[in-house]
Amino acid sequence: MFYKKRLMTPGPTDVPPTVLSEGGKPVIHHRTPQFRKILTEVIAGLKRIFKTGNDLLIFPAAGTGGMESAVANLCSAGDVVLVASCGNFGNRWTNIARAYGVESDHYEVEWGASVDPKEIERRLSANPKIKAVFTTLSETSTGVESDIRTIGEIVSKTPAVLVVDAISGMGAIPMETDDWKADVVVVGAQKGLMIPPGLAMVSISKKAWALAKEAKLPKFYFSWENAQKSMTAEALANTPYTPSVSLIMQLAESIRLLEAEGLESAWNRHAKMANAARAAMEAIGLKLFATGTYSNAVTSVWVPEGVDGSKLFKTVRDMYGITLAGGQGKVKSSIFRIGHLGYADDWDVIAAVAAIERALAEQGYKLEFGKGVAAAEKVLFT
Ligand SMILES: *Cc1c(COP(=O)(O)O)cnc(C)c1O
């Protein structure tokens with residue numbers, strides 16, 4: 001049988017056709033008014049999407065490169081930072097800090113839960129030496145959202161800088177950088193922003209720049225200061241080394257698409273897809289993994305008893321064309337995840353639910369075909 005390929009992981013995600021075709025255009029030289037105009041417009045568009053008036057830089061890197069840039073530019077060896085983690089990606093902040101000789105006060109909640117802002121408040125007042133708080137908007141490994149607005153309120157009253165990994169959240173769920181007082185926000189290309197992997201974007205507040213001025217960790221490729229100098233030295237944006245020309249041209253198109261839909265409409269579309277996916281999984285008797293606030297970017301589901309999770313995932317991918325994600329870290333084989341973010345719509349969710357029903361039934365799991373689909377339709381069609 002032939003099945004259309006659908007990439008329903010929480011990154012990378014499917015790329016819209018007009019964004020793909022931008023990537024097929026001739027490469028233009030980056031030291032030209034033509035490219036620098038595109039870059040200038042992309043930076044302005046990203047600021048509207050981040051909802052920020054702060055400086056914004058783009059690095060040719062995976063999202064993790066943007067995360068590493070935050071540690072390298074904000075910290076000095078021996079500094080103490082607070083990491084508030086609710087999963088695998090939250091833990092990455094501590095791993096990066098450790099690699100740079102920065103000590104992390106590691107606060108990790110039970111996976112499935114959201115970070116508790118009160119605990120951040122408690123740890124900040126217990127240790128006034130904490131220079132920065134690192135956390136995650138949408139924890140992709142568990143399908144959980146944390147309350148950045150409240151965390152921002154707390155951190156802004158202290159000298160510490162708030163750094164948010166919004167890699168899988170931006171474009172999909174609300175992120176109000178300035179209103180929520182998020183000093184540094186890190187985003188990756190291949191999730192809600194609907195372009196192929198390879199770009200990291202970082203917004204930087206005045207408070208974060210002040211800390212960056214004192215920071216002594218070594219950096220070159222990821223130097224915010226060098227990048228910002230190139231960005232602002234002349235009327236049109238520039239970069240200290242060769243940027244990802246094609247990806248930036250693709251990003252210009254995806255920003256156009258996102259703004260044509262409207263950012264708020266995109267958030268609503270994601271909320272609807274997520275509600276439908278959750279209702280469908282519960283309707284066929286599966287249990288959702290998240291116990292905290294659900295992230296509308298990704299739905300995480302326990303693999304039911306008697307079902308082989310990795311076989312389920314492989315059947316759906318190799319037989320039915322839909323790539324879901326397994327679990328990560330300590331829940332690697334006990335959960336699976338449905339990514340419904342970026343270039344995804346109602347029909348993708350219905351297709352994924354139907355494929356999951358079919359693959360579950362093939363493993364002898366008892367269900368009535370269409371029950372999950374009906375539950376999803378009920379959410380999507382009303
Ligand atoms: C995907 C993701 C990352 C890592 O992004 P890479 O581009 O793979 O480096 C980090 N944090 C979150 C929340 C993510 O979803």
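Whatever order the structure lists them in is the order used to number ligands and atoms, beginning at 1. Any value given below was found using the heavy atoms of this structure, including those in side chains, with hydrogens, waters and symmetry copies removed.
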- Item | ligand 1 contacted by Arg92 (non-hydrogen, < 4.0 Å) |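 For ligand 1, residue contact (heavy atoms, under 4.0 Å) with Arg92 is present.
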Looking only at protein heavy atoms, which one is nearest to [atom], and how far off is it?
atom	value
atom 2 (C) of ligand 1	Lys191 NZ, 2.6 Å
atom 11 (N) of ligand 1	Asp165 OD2, 2.6 Å
atom 8 (O) of ligand 1	Gln190 NE2, 3.9 Å
atom 15 (O) of ligand 1	Thr140 OG1, 2.4 Å

- Task: Give a yes/no verdict on a cation-pi contact between Lys5 and Tyr320, requiring under 6.0 Å between NZ or CZ and the six-membered ring centre and an angle within 45° of the axis.
- Result: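 Relative to the ring axis of Tyr320, which defines the angle, Lys5 lies outside at least one limit.
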- Query: Do you know the tightest heavy-atom contact between Cys75 and Val81?
  - Reply: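 Closest heavy-atom pair between Cys75 and Val81: SG-CG1, 3.9 Å.
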- Using side chain to side chain donor-acceptor pair (under 3.5 Å) as the criterion, list what pairs up with Glu377, not counting sequence neighbours.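 Checked Glu377 against side chain to side chain donor-acceptor pair (under 3.5 Å); zero matches.
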- Task: Give the contacting part of Pro197 toward ligand 1: side chain, backbone, both or neither, where contact means a heavy-atom distance below 4.0 Å.
- Result: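 Under 4.0 Å from ligand 1, Pro197 contributes no heavy atoms.
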- Which one holds for Thr64 and ligand 1: side chain close, backbone close, both close, or neither close, with close meaning a heavy atom under 4.0 Å?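 Both of them.
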- Query: Considering distance alone, does some N or O of Ile167 sit under 3.5 Å from an N or O of ligand 1?
  - Reply: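 No - when backbone and side-chain N and O of Ile167 are compared with those of ligand 1, no distance drops under 3.5 Å.
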- Item | Note, Leu341 side chain near Val298 side chain (heavy atom, < 4.5 Å) |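 In short, these two side chains do not touch, never coming nearer than 4.5 Å.
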- Task: Run the salt-bridge test on Glu264 and Lys51 with the 4.0 Å N-O cut-off and return the result as yes or no.
- Result: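 The answer is yes: the pair qualifies as a salt bridge.
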